[in-house]
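Okay, so here's the structure we're looking at.
The structure presented is a predicted model; accordingly, all values stated were derived computationally and were not measured. Both ligands and their constituent atoms are indexed starting at 1 by order of listing.
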Amino acid sequence: QLERRTYDYTRSGNPTRDLLGAALADLEGGAAAVVTASGMAALALFAQLLGRDDVLVVPREVYGGSHRLFHGLAARKAFEVVSVDYRDEAELDAVAARGPTWFWVETPSNPLLRLTDIAAVVVKARSVGARVAVDNTFASPLLQQPLALGCDLVVHSTTKYLNGHSDVVGGAVIAREAALHDEVAWWANCLGVTGAPFDAFLTLRGLRTLALRLRAHEENAACIAERLEALRAQDGSAVADVHWPGLTRHADHALARRQQRGFGGMLSFELAEVRGVSDIEVVRAFTRGLTSISVAESLGGVESLIAHPATMTHKAMAAEARASAGIGDRLLRLSVGIEDVEDLWAELEAGIARVSRLVLAPAAS
Ligand SMILES: *Cc1c(COP(=O)(O)O)cnc(C)c1O
């Protein structure tokens with residue numbers, strides 16, 4: 001028998017990737033982490049844990065790629081998937097009665113920043129012998145630690161806050177217990193979805209400033225959310241609604257205080273309806289003059305990005321489903337960067353002024 005080295009083939013094991021895995025497991029308080037090539041690879045890995053007889057419970061308001069993967073696999077009978085509104089107690093009880101094996105949680109949600117009470121889902125899952133996985137991408141382990149609340153797995157798209165520089169696509173699966181980690185790691189090597197070492201190197205570089213970046217993201221988000229909220233309160237305002245868990249008016253503000261260590265750098269807001277002007281034209285009036293805030297889908301990077309869910313991140317959703325989920329056609333999602341907040345506000349304010357001018361003179365614009 002020849003001696004087997006720890007690192008003999010990078011799909012199976014790599015020292016740089018292991019350093020990132022150890023750091024992520026440490027941050028989440030898990031036994032170990034599997035570092036994957038993307039967030040979706042991490043989700044695909046999770047899906048390997050389910051079989052034909054398993055039922056997966058998924059929130060209706062979930063990342064579009066997660067919805068596509070879970071429902072795509074369910075259509076091939078890999079397992080059964082049930083979409084529910086986690087805020088609806090009766091619906092949750094009804095699905096629990098069906099004997100599900102896994103509950104998938106994503107909190108705060110995208111794009112409305114609604115929260116799910118993780119501890120409450122854990123209690124419900126335990127009562128029927130099910131396990132719980134949380135997509136912790138939006139909060140990051142610095143703001144929220146699902147494993148400490150009793151969850152079994154945490155999944156990340158490290159593409160977002162963890163790397164934070166919008167120059168890597170990556171993911172991770174962190175398990176609370178070693179046995180579950182071993183199962184995930186076995187599939188990761190088997191399928192070949194492990195992350196590249198250079199990506200791990202870049203993500204480790206990003207991690208070093210995570211705490212600083214998150215503080216700056218949140219400080220800027222707080223300032224912008226409060227100013228948008230002040231505008232919203234005015235008569236005839238071009239801002240119809242603001243969603244950020246740090247606002248005391250936010251429906252889940254108390255839960256955010258309890259469950260999170262901060263409110264994060266993601267917010268969304270809705271522009272006002274303008275009579276005689278289509279919703280898309282209202283949105284265009286706002287985005288037209290933006291220069292440093294790019295219109296783009298990603299999030300969690302140092303540069304601010306703005307997205308229009310109805311035509312971008314949530315385009316695949318049927319219009320009625322979007323409407324019933326509260327994702328209106330004049331809703332914009334802002335990933336607040338770490339730029340000088342006055343620069344950001346000047347751009348946003350100019351955008352709001354363009355929408356206000358439409359209200360005053362829709363025909364002339
Ligand atoms: C981006 C994202 C994913 C997918 O991650 P990729 O790195 O793009 O593959 C999954 N979940 C959430 C919440 C995300 O924001």
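The nearest protein atom to atom 7 (O) of ligand 1, hydrogens excluded, is given as Thr159 OG1, 2.6 Å; this is a heavy-atom distance. In this structure, the protein non-hydrogen atom closest to atom 6 (P) of ligand 1 is Gly39 N, 3.4 Å. The shortest contact between atom 2 (C) of ligand 1 and any protein heavy atom is with Lys160 NZ, 2.5 Å. At the top of the distance list for atom 9 (O) of ligand 1, counting protein heavy atoms only, stands Met40 N, 2.9 Å. With hydrogens left out, the protein atom closest to atom 8 (O) of ligand 1 is Tyr63 OH, 4.0 Å, a heavy atom.
Taking all atoms of both residues into account, the shortest heavy-atom contact from Leu267 to Ala221 is CD2-O, 3.7 Å.
The shortest distance between side-chain heavy atoms of Leu56 and Phe46 falls below 4.5 Å. Looking at Glu281 and Val274, their side chains never come closer than 4.5 Å, going by heavy atoms from C-beta outward.
Within 6.0 Å of CZ on Arg68 lie no more than 12 heavy atoms contributed by other residues, nucleotides or ligands. Heavy atoms from other residues, nucleotides or ligands lying under 6.0 Å from CZ of Arg205 number more than 12.
Of all atoms in ligand 1, numbered sequentially from 1 with element shown, those under 4.0 Å from a heavy atom of Gly170 are 7 (O). Of all atoms in ligand 1, listed by their number and element, those nearer than 4.0 Å to a heavy atom of Asp135 are 10 (C), 11 (N), 12 (C), 13 (C).
Using cut-offs of 30° and 60° for the angle between ring planes, the Trp104 and Phe70 rings count as perpendicular.
Ligand 1 has no nitrogen or oxygen under 3.5 angstrom from a nitrogen or oxygen of Val169.
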